[in-house]
Amino acid sequence: MINVIKPFMPPQKEFDQYLKDIWNRAWVTNNGPLVNELELSLKNYLGVPHLFFVTNGTIALQIAIKALKLNGEIITTPFSFVATTSSIVWEGCTPVFVDIDPSTYNIDPELIEAAITPETTAILATHVFGNPCPAEEISTIARKHNLRVIYDAAHAFGTFYKGEPVVHQGDISTLSFHASKLFHTVEGGALITHDPEIANHIAHMRNFGFHGPEAFQGIGINGKNCEFHAAMGLCNLKYIDQILQRRQHLSETYHSMLKALQVGRPFLNPDPGFNFAYYPILFDNEKTVLKVISALQAIYVYPRRYFYPSLDTLSYVRPDQPVRVSRDVSSRVLCLPLYHDLSVEEVKMICRAILRAERY
Ligand SMILES: *Cc1c(COP(=O)(O)O)cnc(C)c1O
């Protein structure tokens with residue numbers, strides 16, 4: 001069976017060594033040494049001053065919205081994982097959808113200004129499939145209208161934008177380290193900011209608001225992660241270069257095998273340093289997508305319709321927001337299996353099945 005993803009597993013004896021140390025220390029959570037080591041290593045790897053390891057990428061988004069004290073309307077993309085939108089609603093704000101650029105599948109900056117109202121407080125955009133948003137244009141708009149910017153960078157670990165890691169963009173960037181992501185800690189996530197004041201809020205908020213053992217600096221939640229997840233992250237970070245290289249190689253194999261196929265692909269930001277987080281293709285119509293899915297399932301290959309449905313169709317958002325391009329792309333997109341252990345032979349087998357299905 002070939003799923004759309006399979007988690008990267010580091011050599012077990014490397015994890016075992018960390019486990020022994022955790023057992024000996026009996027310090028399993030609450031800002032332990034491995035959490036600190038992982039945060040330091042990630043700050044170094046990404047070149048950022050403040051990074052907070054939290055329980056998952058969804059809590060990272062929720063803390064981001066809280067830490068920036070957002071309210072009212074948040075402009076966002078309808079083409080993302082559900083957590084991008086649900087976090088906005090969970091935090092008591094209203095998502096306002098702006099359609100995506102049909103070439104990149106990221107929020108279209110040209111359409112943002114028309115969606116700004118006196119209630120707008122922020123823009124929450126996703127670097128979809130690891131392809132960076134046009135962050136310069138977005139920050140120009142945000143400055144002009146005094147809005148905050150959050151990037152859901154759950155797909156963008158290892159991606160560069162204008163020569164630096166894309167997580168340098170925005171007031172806050174959030175990451176997910178879920179097992180399905182290319183760098184993972186089984187469950188986990190992070191918040192990144194350059195602003196020391198925002199960092200201070202995040203630090204307190206992820207730990208119940210505690211300010212020392214007997215005082216509180218405002219409201220908080222339990223968003224802290226633990227030594228076991230940090231150990232997995234430290235094991236996996238050692239292999240990040242190999243992980244990124246392997247994904248590029250497999251993506252290029254897909255690319256050359258599927259050249260003959262009339263499918264669309266996102267237009268990638270031309271800057272060097274793309275992470276090949278997913279392998280999405282866009283068929284001519286939904287019927288072909290369904291035909292290809294059943295042909296692949298017949299040989300035990302399970303691609304996923306990332307992202308379907310478009311988030312403007314959720315039951316808990318305002319229903320009157322036409323986002324034509326997002327609905328269209330989500331009805332036709334398919335993400336093919338892509339993970340470290342996938343073999344070139346398997347990619348070729350998948351491609352042959354797609355080519356056969358498309359022909360008939
Ligand atoms: C995975 C993902 C999330 C949620 O991350 P979790 O760690 O699973 O909570 C949020 N946004 C996007 C775009 C994602 O792909």
Side-chain angles (χ1 to χ4, degrees), residues 3-8 38 42 51-66 74-91 95 97-98 100 104-107 122-133 135 149-159 166-167 169-170 172-192 206 221-226 228-230 232-233 236 247 266 275-280 303-312 314 317 326 329-330 333-335 338-339:
N3 269 318
V4 67
I5 66 101
K6 183 176 163 190
F8 176 84
L38 179 65
L42 289 170
L51 179 146
F52 300 91
F53 183 42
V54 295
T55 43
N56 57 64
T58 304
I59 213 76
L61 284 165
Q62 290 170 205
I63 292 176
I65 293 168
K66 268 280 197 288
I74 299 180
I75 288 176
T76 190
T77 175
F79 191 71
S80 183
F81 183 62
V82 65
T84 314
T85 296
S86 66
S87 302
I88 294 173
V89 178
W90 196 268
E91 291 304 324
F97 294 110
V98 162
I100 56 172
T104 64
Y105 314 165
N106 281 324
I107 194 167
I123 301 167
L124 169 46
T126 301
H127 304 296
V128 175
F129 302 138
N131 192 20
C133 289
V149 179
I150 300 171
Y151 285 108
D152 182 342
H155 296 179
F157 192 86
T159 283
V166 71
V167 293
Q169 300 301 320
I172 299 179
S173 285
T174 63
L175 289 166
S176 165
F177 303 146
H178 183 255
S180 61
K181 308 302 203 262
L182 67 89
F183 167 75
H184 78 89
T185 62
V186 186
E187 290 277 358
L191 293 104
I192 290 164
R206 84 164 160 182
I221 195 162
N222 183 0
K224 64 192 149 49
N225 212 323
C226 77
F228 293 84
H229 293 289
M232 191 63 155
N236 288 343
R247 301 179 83 88
N275 68 358
F276 298 90
Y278 294 85
Y279 196 81
R304 278 292 294 272
R305 299 179 76 184
Y306 288 144
F307 291 101
Y308 176 86
S310 178
L311 298 175
D312 61 293
L314 289 168
V317 303
S326 175
V329 169
S330 63
V333 71
L334 191 66
C335 280
L338 183 62
Y339 51 83

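In this text the structure is predicted, and so the values were computed from the model without any measurement. Numbering of ligands and ligand atoms starts at 1, following listing order. What you see below is based on every heavy atom in this structure, not just the backbone, and it leaves out hydrogens, waters and symmetry mates.
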Could you tell me, atom by atom, which parts of ligand 1 come under 4.0 Å of a heavy atom of [X]?
| X | value |
| --- | --- |
| Gly188 | 7 (O) |
| Gly57 | 5 (O), 6 (P), 7 (O), 9 (O) |
| Asn56 | 7 (O), 9 (O) |

From Ser180, Ala179, Ser176, Ala190 - option closest to atom 7 (O) of ligand 1 by heavy atom:
Ser176
Could you tell me the residue and atom name of the protein heavy atom closest to [atom], and the distance to it rounded to 0.1 Å?
| atom | answer |
| --- | --- |
| atom 3 (C) of ligand 1 | Phe81 CD2, 3.6 Å |
| atom 15 (O) of ligand 1 | His155 NE2, 2.8 Å |
| atom 4 (C) of ligand 1 | Thr58 OG1, 3.6 Å |
| atom 2 (C) of ligand 1 | Lys181 NZ, 3.0 Å |

Test item: [X] side-chain N/O and [Y] main-chain N/O as donor-acceptor pair under 3.5 Å:
| X | Y | value |
| --- | --- | --- |
| Thr84 | Phe81 | yes |
| Asn106 | Asn131 | yes |
| Asn56 | Ile59 | yes |

is_close_aromatic(Phe307, His155), centroid dist under 6.0 Å
yes
In this structure, is the centre-to-centre distance between the rings of Phe8 and Tyr339 below 6.0 Å?
no
With sequence neighbours excluded, tell me which residues meet side chain to side chain donor-acceptor pair (under 3.5 Å) with Arg247.
none
Leu182 and Phe276, any side-chain heavy atoms less than 4.5 Å apart:
no
Enclosure of Arg305 CZ (heavy-atom neighbours >12, cutoff 6.0 Å):
yes
His127 and Tyr151 aromatic ring geometry - parallel, tilted or perpendicular at 30°/60° bounds
parallel
Sub-3.5 Å N/O-N/O distance, [X] and ligand 1:
| X | value |
| --- | --- |
| Asp152 | yes |
| Glu187 | no |
| Ala83 | no |

Would you say Ser87 contacts ligand 1, with heavy atoms under 4.0 Å as the rule?
no
Can Ser80 be said to touch ligand 1, with heavy atoms closer than 4.0 Å?
yes
